[in-house]
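Only this structure's heavy atoms are used, side chains among them; waters, hydrogens and symmetry mates stay out.
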Amino acid sequence: MKKKNLPILIVVLLIFLVGAAGTAVYFIQKYTPTKDRMNASAYYGVGENAAEIPLIFGTEILEQKGICIDKEVFVSREVIARYLNKRFYWDSGENILIYTTPTEKYTIEPGTNVYTINGKTQGKEEYSICEVQGETAYINIKYVQKFTDIEYRILDAPGRLVVQYQWEDIPVVEVKEDQAAVRYRGGIKSEILTNVPSGTKLRLLEELEEWDQVVTEDGFIGFIAKKDLAGASAVITFEREFEEPEYTSQRRDFKINLAWHQVTSEAANETFDDAVKNMTGVNVISPTWFSISDNSGNISNYAVESYVTKAHAKGLEVWGLVDNFNKGVDTYKVLSNSSSRTALENNLVRQALRFSLEGINIDFESLSEETGPHFIQFLREMSILCRANKLVLSVDNPVPENNYTYHYDRKSQGEVVDYVIIMGYDEHYYGSEKAGSVASLPWVEQGITDTLKEVPAEKVINGIPFYTRLWKTSAGIVTSEAIGMDAADEVISKYKVETYWDKNYSQNYGKFEKGNDRYQIWLEDEKSIAAKMELIKKYDLAGVAEWKLGFERASIWKVIADGLK
C-alpha cells in the first residue's frame with residue numbers, strides 16, 4: 001500500500017516545488033529593479049534632422065529645438081527672449097540683431113562674427129554670433145552667455161544643450177547611494193534614464209511618497225527612489241559671480257508734480273503765461289510739442305526757446321512730450337523698422353538738447369499688440385541716448401486693466417525708463433456705452449496696485465484728471481463732453497443741481513433732466529483730488545501728473561501740494 005502511494009507523493013511534491021519556484025520567480029521579478037535603459041534619442045525626441053539639437057532649459061525639456069552649425073549651438077531668439085533674456089531684438093526687415101545694455105547698442109549682421117557698438121565702434125567674436133534659417137533668427141549660446149546669468153553644457157549621445165538659469169530658492173535633494181538610478185517614471189520597473197554618483201545634488205521638482213521627481217545636471221528629468229536620498233530636501237541659492245547691468249537713472253530726489261500743457265501750434269506757446277499764472281507747487285511742465293509726422297521717424301515740432309526760458313525762470317523743468325496722434329502715421333511701421341526707429345530717437349534727443357530740455361515724455365497711445373515688442377525696443381534705445389545726455393525719460397501708460405494692455409510690458413519699461421506714468425483717467429470716455437466716472441477712486445487704486453506689481457514705486461507717477469464729463473442720455477443714446485472744473489460748477493449752478501458725495505467713488509455726483517434728456521456728472525473737485533492724492537501717499541509713489549493745464553481752478557494746487565508733503 002505504501003509503495004502504491006509513493007508516486008502520488010512524489011507528484012504532489014513536484015507540483016509543490018514547481019509552484020514554489022514559480023512563486024519565487026514571480027516575486028523576484030516583481031521586486032527586482034529593471035536594468036533596462038531608455039533610449040536617450042527617443043527620450044529627447046531627436047528626429048532625422050541632424051542639425052537639430054534638443055534644448056533642456058532649467059527644469060523643462062523644450063518642444064523647440066536648437067541648431068548646430070560648425071560645432072556651434074544656436075537657439076532661436078524667441079526662446080532666448082522667453083526664458084533667458086528679453087533684450088535681444090531681431091529686425092527681420094533689415095536683417096539685423098540688436099542687443100541693448102544701459103549704455104550700449106550692439107548691432108550684428110547674421111552669419112558674421114562682428115558687431116558695432118552705438119553705430120561706431122566695431123568688435124568681433126571668435127564665432128558666428130547669429131544665423132538665420134527661414135524667418136527665424138538663431139543666436140549662439142556663447143553670445144547669449146556674454147550678457148546673461150546662465151551656465152550651459154553641450155553634451156553628446158545624443159547631442160543636446162542643457163542651460164541653467166534659475167539660481168535662487170532652488171529645492172534640492174542629495175544622493176547617498178552611488179550610481180543611483182534616475183528612472184523615466186516612479187517605480188522600479190520603469191526604464192533607467194541615467195545613474196548618478198553619491199553626493200550629487202539634484203533639483204527637486206515634486207516630492208511623492210516613495211519617489212522624488214528630479215532634474216539631473218546633464219538634462220534628464222525623471223524619478224529617484226527616496227531610499228537612495230540622504231534625508232529631507234533643502235532650499236538653496238547658488239552663489240553667482242555674474243553682475244547684472246545697472247540701469248542708472250535720472251530720477252529726481254523730490255516728488256514729481258508734473259502738469260501737462262496742451263500746445264497745438266507754435267503760436268499756442270504764447271498761452272504759457274496765462275496757463276501758469278495761478279499754478280503753485282508744480283516742478284515739471286510737459287508741453288505737447290512733438291509728434292511723429294511720418295513713417296520715416298521724422299517729428300513735427302512746436303518748441304520755442306522763449307517758452308523754455310520762461311519755464312526755467314519759474315523753476316520748472318521742461319519735459320517735451322511726443323505723441324503718435326497723427327492719423328497718417330503707422331506707429332507699428334515706425335517702431336518695427338530699425339532705421340525709422342533710430343531716426344525718431346535721434347530727432348527727439350536732438351530737439352531736446354537744442355532747446356535745453358530736462359526730459360522727454362513718451363505718449364504713444366492705442367498701441368496694437370504686434371507693436372508692443374518694438375515699442376519696448378524703442379524705449380530701450382531711447383534710454384541709452386537719454387542716459388548719455390542726462391535727459392529724464394518718462395512714458396505714459398493706460399491703466400492696466402483686463403489684460404488689454406499687457407503688451408505695453410510695464411516690467412520692461414520699469415527696468416529702463418526713469419518714470420512710468422499711469423494715465424489714471426478715462427475710466428469712462430467719449431464713446432463709452434454708458435455714463436460713468438472719469439476716474440473713480442477704486443478704479444484709480446486698482447490701476448496703481450496693478451502697476452506696482454511690475455514697476456517699483458519710486459518710478460511710478462499717477463496721472464489725475466482736471467476734467468470731468470457731462471453725460472447726456474437722449475432717446476437711449478449716450479454722449480458726453482469733457483469740461484473743466486469751473487465749467488462743471490457753472491452747470492451745477494445753472495441747473496440748480498443737487499450733488500451728493502458718493503463714498504463708493506469718492507466723488508460728488510449730480511444729475512438733472514432737461515426736456516426728455518437726462519444729464520449726469522461725476523465731479524473732479526478739491527475733495528475728489530484730495531482722495532486721489534492720499535493714494536500717492538499710501539503707496540509712496542514718485543509723484544503726480546495732471547491733465548491738463550486750463551481745466552483746473554487755482555485752489556486745486558494747494559490740495560495737490562499738501563498731498564505730496
Salt bridge Lys532-Glu524, side-chain N to carboxylate O under 4.0 Å: yes

Pair Lys558 + Asp562: basic N to acidic O under 4.0 Å: yes

Sidechain-backbone polar pair: Arg553 side chain, Asp525 backbone, donor-acceptor under 3.5 Å: no

Side-chain donor/acceptor of Asn118 to backbone N/O of Lys105, under 3.5 Å: yes

Side-chain H-bond candidate by donor/acceptor type, Gln507 with Ser437, under 3.5 Å: yes

Trp319 ring center near Phe290 ring center (under 6.0 Å): no

Side-chain H-bond candidate by donor/acceptor type, Glu104 with Tyr106, under 3.5 Å: yes

Polar side-chain atom of Lys459 near backbone of Val417 as donor-acceptor pair, under 3.5 Å: yes

No-hydrogen, no-angle side-chain donor-acceptor test under 3.5 Å, Tyr406 and Glu369: yes

Donor-acceptor pair, side chain of Glu546 and main chain of Gly463, under 3.5 angstrom: no

Test item: Ser286 and His261 side chains (from C-beta on) under 4.5 Å apart, heavy atoms: no

Any side-chain heavy-atom pair of Met533 and Lys537 under 4.5 Å: no

Qualifying residues under ring pair (Phe, Tyr, Trp, His ring centres under 6.0 Å), relative to Phe325, sequence neighbours excluded: none

Heavy-atom side-chain contact between Val282 and Leu316 under 4.5 Å: yes

Check: Asn113 side chain, Glu125 main-chain N or O, donor-acceptor pair, under 3.5 Å: yes

Between NZ on residue Lys333 and OG1 on residue Thr371, distance to nearest 0.5 Å: 11.5 Å

Reference residue His428; test side-chain contact (heavy atoms from CB on, under 4.5 Å); the match among Arg469, Lys434, Glu433: Lys434

Sub-6.0 Å ring centroid separation between Phe375 and His407: no

Sub-4.5 Å side-chain heavy-atom contact between Tyr138 and Val75: no

Glu415/Lys411 salt bridge by N-O under 4.0 Å criterion: yes

Side chain proximity check, Asn85 to Tyr99, heavy atoms < 4.5 angstrom: yes

Ile98 side, atom CD1; Cys130 side, atom SG - distance, nearest 0.5 Å: 11.5 Å

Residue pairs, two or more places apart or on separate chains, that pass salt bridge (charged side-chain N to carboxylate O under 4.0 Å, His left out) and touch residues 491-519: Lys472-Asp517

Pair Asp450 + Arg410, salt bridge at N-O below 4.0 Å: no

Between Glu401 and Trp443: side-chain donor-acceptor atoms closer than 3.5 Å: yes

Lys314 vs Asp273, salt bridge (charged side-chain N to carboxylate O under 4.0 Å, His left out): CA-CA, chis, key distance, verdict: CA-CA 11 Å; Lys314 287 184 171 292; Asp273 292 327; over 6 Å; no

Pair Asp396, Asn361: side-chain N/O donor-acceptor within cut-off below 3.5 Å: yes

Exam field: side chain Asn324 to backbone Glu365, donor-acceptor pair closer than 3.5 Å: yes

Phe272 side chain near Ile285 side chain, heavy-atom distance below 4.5 Å: yes

Short side-chain donor-acceptor distance under 3.5 Å, Glu94 and Ser339: yes

Cationic tip of Lys146 above Tyr143 ring, under 6.0 Å, 45° of axis: no

Step-by-step side chain to side chain contact (heavy atoms under 4.5 Å, CB included) determination, Val497 to Ile492: CA-CA 5 Å; Val497 180; Ile492 298 299; 3.9 Å; yes

Short N-O contact, Asp418 and Arg252, less than 4.0 angstrom: no

Test item: Phe254 and Asn283 side chains (from C-beta on) under 4.5 Å apart, heavy atoms: yes

Heavy-atom check, side chain of Phe551 versus side chain of Met485, under 4.5 Å: no

Distance in Å, Gln250 CD paired with Ser394 OG, rounded so as to fall on 0.5 Å steps: 12.0 Å

Aromatic plane relationship, Tyr505 with Trp522 - under 30° parallel, 30 to 60° tilted, over 60° perpendicular: tilted

Rounded distance (nearest 0.5 Å) linking atom CD1 of Ile422 with atom CD1 of Ile464: 12.5 Å

Any donor-acceptor pair under 3.5 Å from Thr112 side chain to Glu109 backbone: yes

Gap between atom CG of Leu335 and atom CD1 of Ile376 - 0.5 Å precision: 10.5 Å

Exam field: side chain Asn269 to backbone Glu266, donor-acceptor pair closer than 3.5 Å: yes

Under 3.5 Å side-chain donor-acceptor pair for Asn397 and Gln413: yes

Donor on one side chain, acceptor on other, Glu381 and Thr100, under 3.5 Å: no

Geometric class of the Phe512/Tyr519 ring pair [parallel <30°, tilted 30-60°, perpendicular >60°]: parallel

CG on Asn346 to CD on Gln351, rounded to 0.5 Å: 11.5 Å

Worked check of side chain to side chain contact (heavy atoms under 4.5 Å, CB included) between Asn257 and Leu564: CA-CA 8 Å; Asn257 187 350; Leu564 289 178; 3.7 Å; yes

Exam field: side chain Arg341 to backbone Val334, donor-acceptor pair closer than 3.5 Å: no

Heavy-atom donor-acceptor pair, Asn389 side chain to Leu385 backbone, under 3.5 Å: yes

Tyr404 OH: over 12 foreign heavy atoms closer than 6.0 Å: no

Ring centre gap for Trp501 and Tyr509 strictly below 6.0 Å: no

Candidate pair Glu454 and Thr451, rule side-chain hydrogen bond (donor to acceptor under 3.5 Å, both in side chains), full reasoning: CA-CA 6 Å; Glu454 300 183 285; Thr451 300; over 6 Å; no

Ser92 and Glu135: side chain donor to acceptor below 3.5 Å: no

Test side chain to side chain contact (heavy atoms under 4.5 Å, CB included) applied to Phe74 and Ile80, step by step: CA-CA 10 Å; Phe74 298 79; Ile80 297 299; over 6 Å; no

